[in-house]
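Have a look at the structure below, then the notes.
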Amino acid sequence: MDIEDNISNILSTIPQDVTLIAVSKTKPIEDLKRAYAVGIRDFGENKVQELVEKCDSLDKDIRWHFIGNLQTNKVKYLVDRAYLIHSLDSIKLLNEIEKVYGKKNKVAEVLIEVNIGRELSKGGVLEENLNELLENVELCKFVKVRGLMAIIPKGDDKSCRLYFREVKKIWNTLKNKEIKNVKMEILSMGMTHDYKLAIEEGSNMVRIGEGIFGARNYNK
Ligand SMILES: *Cc1c(COP(=O)(O)O)cnc(C)c1O
């Protein structure tokens with residue numbers, strides 16, 4: 001199977017109102033160009049440096065999604081490049097985004113990453129710390145929260161569903177609240193092996209890497 005077939009297969013199985021992000025981390029520019037040629041405009045990267053290089057050498061109508069752990073000293077590289085930052089997970093990072101975007105008088109569109117599986121190895125805010133983060137979002141001038149993102153723990157279908165459902169529940173609760181600078185529009189969850197379940201449980205943005213570009217090789 002090649003990139004073009006993979007994309008058309010995935011697009012044929014997901015509803016039109018679900019955004020497909022092609023996660024192109026570690027993949028060469030030529031692979032991204034092939035995805036672009038068949039209509040993909042949303043690409044996801046998890047390293048700032050790699051996003052910068054690819055963004056600066058590809059077409060300007062691409063929407064770049066930053067999906068990795070974001071260090072505060074790298075926020076400046078995302079201004080003018082990232083369409084959406086999926087990984088806001090601390091007040092420290094929030095304040096840095098506010099400061100750096102504010103300096104350029106730009107507004108950052110972000111998702112809050114929720115560590116729904118409470119895994120120490122993963123980024124994301126714990127559910128009990130969400131309110132404090134949101135209180136700080138209300139004080140911002142240059143940050144808009146547009147939804148939630150989650151990476152769930154590995155597990156069988158049943159376990160995946162339960163985690164997706166928990167995130168959806170939090171998303172619904174926040175959607176029904178009036179919070180300044182917060183609009184729950186996007187629910188970013190689901191990857192190659194679980195995106196169908198994620199959509200069934202309410203996701204409207206899926207991030208697919210290997211299912212489009214094939215296995216990644218990190219040893220190159
Ligand atoms: C790598 C990555 C993906 C894509 O994972 P696949 O299993 O290749 O589909 C999605 N989301 C995040 C945050 C990632 O880092």
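It should be emphasised that the depicted structure is a prediction, and the values quoted were computed from it without experimental measurement. Each ligand, and each atom within it, is numbered from 1 in the order the structure gives.
The shortest contact between atom 12 (C) of ligand 1 and any protein heavy atom is with I67 CD1, 3.5 Å. Of the protein's non-hydrogen atoms, the one nearest atom 6 (P) of ligand 1 is T192 OG1, 3.3 Å. Ranking protein heavy atoms by distance to atom 11 (N) of ligand 1, first place goes to R207 NE, 2.8 Å. At the top of the distance list for atom 5 (O) of ligand 1, counting protein heavy atoms only, stands M191 CE, 3.7 Å.
Atoms of ligand 1 found under 4.0 Å from any heavy atom of I151, numbered from 1 in the order shown, are 13 (C). Here is the list of ligand 1 atoms found below 4.0 Å of a heavy atom in G209: 4 (C), 6 (P), 8 (O), 9 (O). With ligand atoms numbered from 1 in the order given, ligand 1 contributes 9 (O) to contacts under 4.0 Å with heavy atoms of I208. Of all atoms in ligand 1, numbered sequentially from 1 with element shown, those under 4.0 Å from a heavy atom of E210 are 6 (P), 8 (O), 9 (O).
Neither the backbone nor the side chain of H86 comes within 4.0 Å of ligand 1, counting heavy atoms alone. With a 4.0 Å heavy-atom cut-off, ligand 1 is reached by the side chain of K25 but not by its N, CA, C or O.
A distance of 5.5 Å separates CE in M205 from CG in L84, rounded to the nearest 0.5 Å.
When atom types are taken as modelled, the side chain of R118 and the backbone of L126 share no donor-acceptor pair closer than 3.5 angstrom. Remark: the backbone N or O of I91 is not paired with any side-chain donor or acceptor of N136 at under 3.5 angstrom. At least one donor-acceptor pair under 3.5 Å links the side chain of N204 to the backbone N or O of E185.
A cation-pi geometry, defined here as NZ or CZ lying under 6.0 Å from the six-membered ring centre and within 45° of its normal, does not hold between R63 and F43.
Here Y83 and W64 keep their ring centres 6.0 angstrom or further from each other.
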